[in-house]
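In what follows, a structure is listed as structure tokens, so that the remarks can point back to it.
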Amino acid sequence: MRDKPLLDWAWVFDHLDDIGGRSLQHLQLALLAVAAGLAISMAVGIIVARRPRVAAVVIGVSGILYTIPSIAAFAALVPITGLSTLTALIPLTAYTQLILIRNIVAGLTGVAPEVLETADAMGYTPRARLLRIELPLAIPLIVAGLRVASVSTIGLVTVAAIIGDNFGGLGVFINDGLRNFFPTAVYVGAVMSVLLAVLVDVAFVLLERVATPWSRLPATVVETGGA
Amino acid sequence: MTSAIAPAPSGATPEGGSGRAATVEFVHVTKHFDSGARWSGTPGALNDLSLKVPAGRICVIVGPSGCGKTTSLKMVNRLIEPTSGQVLLDGVDIESRDVIDLRRSIGYVIQQTGLFPHQTVIENVAAVPRLLGWPAAKRSARSEELLALVGLDPAAYGTRYPAQLSGGERQRVGVARALAADPPIMLMDEPFGAVDPLVRERLQQEFLRLQRDLAKTILFVTHDVDEAIRLGDQVAVLERGGRLAQVGTPEEVLANPASDFVARFVGADRGLKRLSLVRVGQLRLREPATARVGEPATSVRDKVTGAFPYVLVVDDDGRPIGCADPDQLTGDGSVTASGLVPASPVLTPDTTLRDALSMLLTAQALAGVVVDAAGRATGVLTIDEIGDWFRMEAGRLRAGPSGTGMPAVG
Amino acid sequence: MRHFRKLALGASLLALAISACTTGGGSSPIKIGSDGFYESRLMAEIYAQVLEANGYKVERNLGLGARPVTAAAIESGQIDLKPEYLGSGLGYYDKTKPTGDPATNKKELQTILTGKGGGITVLGYTPGQDTNAFVVRPDTAAQFNLKKISDLTAVASQLTWGLPPECIANPLCGGALKDAYGIDIATLKVTPLGACDAPIAEALNSKAVDVAELCSTQPAIAQFGFVSLEDDKKTQPAENLAPIVRNDFLVKVDKAAFSKLLDDVSAKVTTEVLLQLGVEVAVNNKDVDKVATAWLKEQGFIK
Amino acid sequence: MMEGLIDIASWLLHPAHWSGPDGIPARAWEHLALSSVALLLALLVAVPLGLLIGHTRRGDLLAINLANLARAVPSYAVMVMALPLTLSLDPRNGLTIYPIAIAMVLLAIVPILVNAYTGVRDVDRELVEAARAMGCTESQVLRQVELPLAIPVIVGGIRTAAVQVVATAALGAILGYGGLGRHLIDGIARREYDRLWAGVILIAGLAILTEVLFADVQRRLTSPGLRIARTGAAAEASEPR
């Protein structure tokens, strides 16, 4: 690699189309995994949020999922689910569970008891209370979880390249770069991963702002103690 | 209690001036937080505050939300630096003092107590002594002494954590912690704001009792006018925009509000509030006609005067049993314990006029019996006398300030 | 790079992913797969482009990790065609079978593949081949006077070996070294590194290892001036390349024409061609599909 | 399924797999050695930095967002990018040790840094101001108030980092490092699925053990005052008299 330039710009410009295509694929796979992860963790989180013991067990299990090395997870699924998007999605989705469930449970249980009591007193049904009070107030923590989960997933998609060019997104650049000792490809893969992460992260921050207008009030508290 | 307070250790207040109390003086202090905004628009801003607090006195700074009262407090220990102006302690500009030393010589108590949740009560109280490098034995001795002083049993409370205390207990620990190094100055920011009224009143009473012994210079922030007049030797009213609206004794502020704002702020019931500043013992009380059971009725009837047309019947120790209508003391009989009107309400010299008035109204009585600590009747207080006091005070205040040695600067 | 977008789009539809296991349909496309390393991709791309130029619809599924994945993929019908190395392909199913003769290897492989996945046909093989080679740096070669693998026997323990993790269990690697050359790699200093990848070549060049298993067509050999040791005991099997195709696909097309099309291309792929195209891809970092197109045009297979 | 499990179990129980340089104890030791060194190096960098950023709030937005985005860089890519440099510095360790160590240190820095920062930042400002008001120097504020109060969060970050490192250190086997990843990578390469899954189970087991260990450390290091406050187990204290 020494005798090659760190970044071969000609190659980069030659492959803009390719880089764009792989980035898009990368993003789609990551977002699909996070979306599936959110759907699952939301259902699980809502069910276990008011049951602390069950929640502890579920979070423990999702923590165990997290400890399975990703390469092994992808490789082991090939005989079962074949060379499909599903094979790439299952481990990616599984890895989002720990952080998402933990944050959803924390968000739901973190709503002040007096707020819930007030809602009950006003005659909210449990369902309405969940949808209109608990979930909205849990948004900041859920979004925080989504941010970490999606950024981590973007990093993990590259590993899915082990099951073929069609699934690894930018990981294919990294693999090719490694096999052929071509640093440009590795850097392009890594840098684009980070750029995608920035993109998604910023998108979530904006989403959170839109979704929680009440938290945007200017902070005017200068004094303490009500003075 | 008094015996529990050791003199300040010599190392405790390295530059504390008098050692026990110091004067605090604000000289043309202005603070704005946002240079872009007009000063008056920013909550917490101060506008040309000049105020002098004499050593050993309690100055209560009172005002609506955002008037800058907490800001003024935090300037004394330099948690906030003024935009312009000076704060002097015993005439020395605090800017010239080392900020760390300065802070270690000033006690600080806030509403949320600021107790460290990871430290036990003893450790919390010993925080400043530890910073000052006191040996462990001296620290724990001082902590226990202070806990006892604020009414907490060191053996029962010392090893607890803040989370294991009630709100009132936490405040007591907060005060003990602020007193730990015997600082000449205490800053207290709504220290009793978060506890229920009963606890608050008890804490206020104990606070005043402590202050009688300790005589610290205390700057006390509250938004509660009642608290201000109850605790303050001096009351400084700040208005929105950080301007000093009035400073004076509680009586002065209540009797002669300097502006519409002050009048509104102290409330339409400021007359009643003034009553709470005066205690029954401060008035010259009327001697009632008294009689013991068995005394001849005729001699008793002659003692009765117009202002209190009853006979107060007392037991052998002088404690009131009840009142008798002289007209019902028939012929040549003697005074008996039966048929007496209960001698209510019973007042003590410590009862405020406001409470006394309230008790009289509640009992639908024109007069109450005042008893001393042993329960012996020492006099009676009538509603007329309360009215007389008001008239007299009005004349006195018109003649000029009360001369408590607190010039209203600013 | 059309296939990206098409598949990227597909990735967003979970349903599509699940249906990816189904096959069939009159004008159904041929699904071409390959292993992860460039030479397999290159051959897959060459076959794919020739087929496209002749009216076949092609779906690419390249870079499928390693043989365990590709073998499973073709047996289960997730791909229809892949380029296969006769020796290693045969060794995958039966470690004892591979020989130095390509025709024998092809026949044996065909016998096995006939019974796999409803029948798989081995088409004609290339004259060129890419065998595994044991390679040393010139300074090591000079120091110990190394020319052939048997020269290593005496000095094996003084060297650090870079060998793939599977070597010890592979009769063509650890087995061959032990049985034919008396080198027991279990007793040596071995750094496990994937064969034929760039890191093992770089490790050899930077003296992290002294002997490495590379591929004989690997450009790094020429690039760094490595000395490829002669397999004097003829342990390495013939590794000519041939496309293997599922029979259930062949019945849907004119089998003779299809075979001829690919056989003609394969016949032109000599070891020289593999080396030359390898340099284009792995040294000059050109894209596999462009290198394939250029060569096919030059040979007149496509316009 | 059942057969597979029996295969894996018999692989794990085979005495030959429990001795020698490729045995489970030796590989586990290598795995732990790499993980511990990487975690230690990450601690030395990330804890002071996180505390500093949390205390001063200087550059926090930049630092924390950068750290979070670093999660998007695959450890594998870090290894590959580090390889040319490390090989030129030290041919031997530059291949098998430094790349994986660098990747693991970077992996561990992120959660430790973010949690150290968040832990300090989220300490009640009232308490920090109370500490300042009683004359704590900045370093005393940090050491005596912010650090003890942030300890549960900081150790939580270390715990996450440790688990991630133990689970990811398997990557080292790709560039010839030992560790339990050896069984995993060799298992894939040799198509020995019992070995592969045994590797997975061993790595997951080690990671879970790490989790349990650090959960215990976290509990031990947390001041009892905070535990009481958090669990709400405070005795219903009554007002005195």
Side-chain angles (χ1 to χ4, degrees), chain C residues 35-37 64-72 75 88-89 91-95 132 137 139-140 159-175 185-210 212-213 224, chain D residues 4 11 16-17 19-23 26-27 30-31 76-100 102-103 170-199:
Chain C
D35 290 308
F37 52 97
L64 301 176
R67 190 165 284 107
V69 179
T70 50
E75 286 173 29
S88 327
Y92 175 77
Y93 293 107
D94 188 338
K95 291 172 178 176
N132 285 340
R137 277 186 312 279
D139 62 304
T140 318
L159 304 170
T160 304
W161 294 61
L163 298 171
E166 68 271 22
C167 184
I168 196 159
N170 184 350
L172 299 176
C173 184
I185 65 167
T187 65
L188 302 175
K189 277 180 287 180
V190 175
T191 301
L193 289 166
C196 305
D197 278 348
I200 194 170
E202 200 67 19
L204 180 63
N205 185 45
S206 61
K207 305 189 180 180
V209 298
D210 304 313
E213 191 185 37
F224 296 122
Chain D
W11 193 96
H17 297 145
S19 62
D22 194 34
R27 291 304 185 201
E30 288 170 343
H31 204 98
Y76 183 49
V78 174
M79 288 172 66
V80 175
M81 289 189 281
L83 185 59
L85 182 71
T86 56
L87 260 184
S88 63
L89 289 179
D90 175 352
R92 179 147 305 277
N93 298 329
L95 175 68
T96 55
I97 297 177
Y98 294 156
I100 182 66
I102 290 171
L171 280 178
I174 291 177
L175 289 183
Y177 185 76
L180 292 168
R182 199 68 268 156
H183 296 308
L184 200 163
I185 299 293
D186 291 357
I188 294 175
R190 299 178 198 171
R191 282 174 285 132
E192 292 172 6
Y193 294 109
D194 46 358
R195 179 187 291 268
L196 188 166
W197 279 106

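Every heavy atom of this structure was used, including side-chain atoms; hydrogens, water molecules and symmetry mates were not. Computed from a predicted structure; not experimentally measured.
By the 4.5 Å heavy-atom criterion applied to side chains, D:L87 and C:E202 are counted as neighbours. Inter-residue side-chain proximity for D:L95 and C:L193 is flagged as met; some heavy-atom pair is nearer than 4.5 Å.
Summarising the geometry of C:A208 relative to D:P91, their closest heavy-atom pair is CB-O, 3.0 Å, with the distance given to 0.1 Å.
Per-residue counts of heavy-atom pairs under 4.5 Å with chain C were compared for D:N93, D:T96, D:L175; the largest is that of D:L175. Interface summary for chain C: among D:G176, D:P21, D:G178, the most heavy-atom pairs under 4.5 angstrom belong to D:G176.
Between the OG atom of C:S206 and the CG atom of D:D90 there is a distance of 9.5 Å, given to the nearest 0.5 Å.
Of the two parts of C:I168, only the side chain, counted from C-beta on, holds a non-hydrogen atom closer than 4.5 Å to a non-hydrogen atom of chain D.
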